[in-house]
Amino acid sequence: MALIKLPGKSYNTDAVNPFVNNVFDNLFNDSFISDRLVTRVPAVNITESADAFNIEVAAPGLQKSDFKINVDKNIITISVEKQEEKVEEGKVYSKKEFSYSTFSRSFTLPEVVDYSNIDAAYENGVLDIKIGKKEEAIVAKRLIEVK
């Protein structure tokens, strides 16, 4: 089905029912609800060089100990589970706020990966995983002379 706007016709949805539009705008723009509805999966950059693959995960605000990196057969899984609890004591009240941050990303590794040569480092909010290639997969560069 295609929606086609006819020339000369003006469609103002606010004029139809402004109350309904305001309710939905407020509901989905409310930070309390929108923060909990949005799934937060960090952005990933994957690059390949002659001797390795490199995975960079943008995950600011975490610590090295928050990450779990597992390799099972040809799948690498990067996951985080972090729990924070804030307690504020007042004169007559006590307020607790819980915050849970979790995500998991999995990637299929190619056959050329050297599983004994995988290193990870976390610095300035970026998790950097270097996955080495097997020696036989590294292509030797050479100049071919034309005869």
Side-chain angles (χ1 to χ4, degrees), residues 1-5 10-144:
M1 172 197 268
L3 296 176
I4 302 171
K5 184 175 180 181
S10 175
Y11 300 103
N12 186 354
T13 57
D14 290 336
V16 175
N17 196 340
F19 175 75
V20 172
N21 288 334
N22 286 338
V23 168
F24 282 110
D25 285 345
N26 289 338
L27 179 67
F28 291 112
N29 289 331
D30 183 12
S31 63
F32 176 77
I33 293 174
S34 65
D35 286 350
R36 281 131 186 96
L37 291 177
V38 176
T39 303
R40 294 190 175 127
V41 178
V44 175
N45 293 331
I46 300 175
T47 57
E48 179 180 2
S49 64
D51 60 343
F53 296 97
N54 197 31
I55 300 174
E56 295 175 322
V57 181
L62 298 173
Q63 309 240 342
K64 293 177 186 180
S65 60
D66 294 333
F67 292 97
K68 289 183 183 176
I69 302 170
N70 294 321
V71 177
D72 186 16
K73 297 182 182 174
N74 66 334
I75 296 178
I76 187 167
T77 302
I78 306 159
S79 60
V80 167
E81 185 170 338
K82 182 177 180 178
Q83 175 182 345
E84 291 182 21
E85 181 179 340
K86 297 180 185 176
V87 179
E88 293 182 18
E89 297 288 336
K91 293 180 181 177
V92 186
Y93 65 91
S94 176
K95 178 174 85 169
K96 290 186 178 183
E97 294 181 358
F98 297 100
S99 174
Y100 297 96
S101 299
T102 62
F103 74 82
S104 179
R105 300 282 312 254
S106 296
F107 304 97
T108 303
L109 299 173
E111 294 177 10
V112 298
V113 166
D114 180 6
Y115 291 97
S116 63
N117 188 11
I118 300 176
D119 295 315
Y122 181 69
E123 188 175 346
N124 297 328
V126 177
L127 176 66
D128 188 17
I129 303 171
K130 184 176 179 183
I131 305 167
K133 293 181 181 179
K134 295 177 184 174
E135 285 295 325
E136 61 267 14
I138 299 173
V139 179
K141 292 184 181 180
R142 63 184 184 127
L143 180 63
I144 308 294

Going from CD on E56 to CD1 on I129, what distance comes out if it is rounded to the nearest 0.5 angstrom? 10.0 Å
Could you label the plane-to-plane angle of the Y122 and F67 rings as parallel, tilted or perpendicular, counting under 30° as parallel and over 60° as perpendicular? tilted
Using 0.5 Å steps for rounding, measure from the CG atom of N54 to the CG atom of D119. 10.5 Å
Between K130 and A52, what is the shortest heavy-atom contact and its length? CE-CB, 3.7 Å
So CG of D51 and NZ of K134: to nearest 0.5 Å the spacing works out to 15.5 Å
Show the nearest heavy-atom pair for residues N74 and Y115, with the distance to one decimal. CA-OH, 3.4 Å
Let's go through E81 and K68 carefully: what are the C-alpha distance in whole Å and the side-chain angles of both, what is the deciding distance for salt bridge (Lys or Arg N to Asp or Glu O under 4.0 Å) to 0.1 Å, and is it a yes or a no? CA-CA 9 Å; E81 185 170 338; K68 289 183 183 176; 5.8 Å; no
Look up atom CG in L109 and atom NZ in K73, then write down how far apart they are to the nearest 0.5 Å. 13.5 Å
If you apply the rule side chain to side chain contact (heavy atoms under 4.5 Å, CB included), what do you find for V57 with R105, and how did you get there? CA-CA 10 Å; V57 181; R105 300 282 312 254; 5.9 Å; no
State, to 0.1 Å, how close V71 and I76 come at their nearest heavy-atom pair, and which atoms those are. CG2-CG1, 4.0 Å
Criterion side chain to side chain contact (heavy atoms under 4.5 Å, CB included) on L127 and I69, from CA distance to verdict: CA-CA 11 Å; L127 176 66; I69 302 170; 4.2 Å; yes
With S106, the side-chain contact (heavy atoms from CB on, under 4.5 Å) member among D72, N70, I78, I75: I75
CD1 of I131 to CD1 of I55: how many Å apart, nearest 0.5 Å? 4.0 Å
